Chemist: 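First the structure, then my questions, so here it is.
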Amino acid sequence: MATREELDAVARGGSQGRAAYAQAQELIASQRKAAIGAALAEAAQRGAPAGMQDEISTTVGAPYDRQIGNLAQASASRTAELDQLSVGNAAYMSQVAAAGPAMRGALERRLAAKRAGGGGGELSDSELSKRLIGAARAEREPLEAEVAPTQAALDQVKAKRWGTAYSQIQRGQKGGALAGRLVKINEQLATPVETRARQLGVAAGIDQARAYGVVPDPDPLTVQDEASRLRAVDYLDQRGKPKPVADPIAKSIGVSEPEVARLRTTSTYKKMRKDAELARQGARSLDELKALLNTKYKGRTLTRLVLEEYRPLLVGSGYEPGS
Amino acid sequence: MPLPLGADPAYLAFLRAVGAEDLGDAAGTQSDVDAVGRGLESRLPRIAEQGADARRQISGNFESRGLLRSGSYEQGLARARRAEAYDTSDTVGAAGGQVAELTAALVRRRLARQRQGAEQGLAASGRAYAESLGER
């Protein structure tokens, strides 16, 4: 049976193919509207007969309509191709996962045969289960030892200004390299264990692996991809577990996370970010940037958001990248 | 039931390599997609300028012949608009196709890596399980 992640992959494969075509179709539709509008306006200005309007619209619009049709066709065929590939992949993954128990059975039979020949006893089912669970629990230890020194540094970054560091990773800004490296290592801790649990067809799936303590709970702060982060939050929600604040900036400025996401899409925010970037390049202080934003813009919440994001990057912020 | 893979150096090395490959792959694709967007942004204004030039030329011709109020003048302008519309829609359509192909190619490569990961995981679990049984 395909796991939730595999089904998500199917959806992603299809939607990525569709998105590019949909975007092109929207752009063509807007170009069509603009071109017809301009042609009609010009015709009216010249005093062209009203009866010509339909003809102008048809003549100008036809090439756009043809292209929109082509794109719709290409989109449908590309989506079908990617969906088929994703489904094929999920089926292949299930086959590989199903091979796990068969492989284990073969190994056990080989061992039993060897022991029967050598006078040894066969492992009982309960002994086998105990050994497997013990081994699964123990498997995290070498990984944890490997990342322990970096984990300490990660905690330090988290304690200082993790939300900002996280934003930096998203934007590839100064300071983001260190935080990005730390996050990646933390992901490596979780990924092999979870991947393995999925691939081996754990009886009750990932949840059971988590119950064994083998697979760590997802941490929305350690995933860089928005969809994965939302899934992680969703997982914790469903189990009534405390949900970490995924974006401490939202908390620090007293605004909800969706509202921060919305603010980040506004044109004023983008203008403010450009000013903040110039301030950073000019080695300006946080106070100087604050004064500039307050003078130029009205949005106080937006100002607080941009200041919070740029706090670690500006002179006099007390933030030392790499600490 | 879970099997120990975390201690398998070959499997961990594979995961690290495939993770790095995937990050690089995604960044490379994004960069290619951005390049297509930039190309489109520079091409569309040029098409619009060429269209405006063509219409001005038609207007000049008809004006010099005193035919500005004629139906053939309107038809000439409409034909020029249509030519511009073909250029614009073909350019945007080609860009959309390029982006879709880049994205689809990334999806295909990612699916291949998924399959590879499953195979490596199975092989590693076999090694780990054999070792675990042999320890007794």
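All heavy atoms count here, side chains included; hydrogens, waters and symmetry mates do not. The structure presented is a predicted model; accordingly, all values stated were derived computationally and were not measured. A note on names: the letters A, B, ... follow the listed sequences, proteins ahead of strands, and every chain is numbered from 1.
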Chemist: Between B/G93, B/G96, B/A83, which has the largest tally of heavy atom pairs under 4.5 Å with chain A?
Modeler: B/G93
Chemist: Determine, for B/R79 against B/E74, whether the closest basic-nitrogen to carboxylate-oxygen distance falls under 4.0 angstrom.
Modeler: no
Chemist: For B/Q98, is it the side chain, the backbone, both or neither that has a heavy atom under 4.5 Å from a heavy atom of chain A?
Modeler: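 When you check distances to chain A, no heavy atom of B/Q98 falls under 4.5 Å.
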Chemist: Which residue out of B/R81, B/Q75, B/R82 racks up the most heavy-atom pairs below 4.5 Å with chain A?
Modeler: B/R81
Chemist: Against chain A, label B/D87 side chain, backbone, both or neither, depending on which of its atoms sit under 4.5 Å from a heavy atom there.
Modeler: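 The answer is neither part of B/D87.
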Chemist: Given a strict heavy-atom distance threshold of 4.5 Å, which part of B/F14 is in contact with chain A: side chain, backbone, both, or neither?
Modeler: neither
Chemist: Mind listing the closest non-hydrogen atom pair of B/L40 and B/T91 along with its distance?
Modeler: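 Taking every non-hydrogen atom into account, CD1-CG2, 3.7 Å.
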Chemist: Do you know which of A/Q31, A/E42, A/E55 has the most heavy-atom pairs under 4.5 Å to chain B?
Modeler: A/E42
Chemist: Heavy-atom cut-off 4.5 Å, strictly under: side chain, backbone, both or neither for A/A74 against chain B?
Modeler: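 Contact with chain B is absent: no heavy atom of A/A74 under 4.5 Å.
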Chemist: Answer with side chain, backbone, both or neither: which region of A/A62 has an atom nearer than 4.5 Å to a non-hydrogen atom of chain B?
Modeler: neither
Chemist: From B/R46 CZ over to B/R43 CZ, what is the distance, rounded to the nearest 0.5 angstrom?
Modeler: 5.5 Å
Chemist: Where on B/L77 is there a heavy atom nearer than 4.5 Å to chain A: the side chain, the backbone, both, or neither?
Modeler: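 The answer is the side chain of B/L77.
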Chemist: So, taking the atom named OG in A/S57 and the one named CZ in A/R32, what distance separates them when rounded to the nearest 0.5 Å?
Modeler: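 It comes to 7.5 Å.
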Chemist: So do B/E84 and B/Q50 actually touch side chain to side chain, heavy atoms under 4.5 Å?
Modeler: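 Contact flag for B/Q50/B/E84 side chains = no.
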Chemist: Could you walk me through whether B/V99 and B/T103 pass side chain to side chain contact (heavy atoms under 4.5 Å, CB included), step by step?
Modeler: CA-CA 6 Å; B/V99 172; B/T103 316; 4.0 Å; yes
Chemist: Measuring heavy-atom distances to chain A, does B/A95 have an atom under 4.5 Å in its side chain, in its backbone, in both, or in neither?
Modeler: neither
Chemist: Are any of the side-chain nitrogens in B/D25 or B/R110 under 4.0 Å away from the carboxylate oxygens of its partner?
Modeler: no
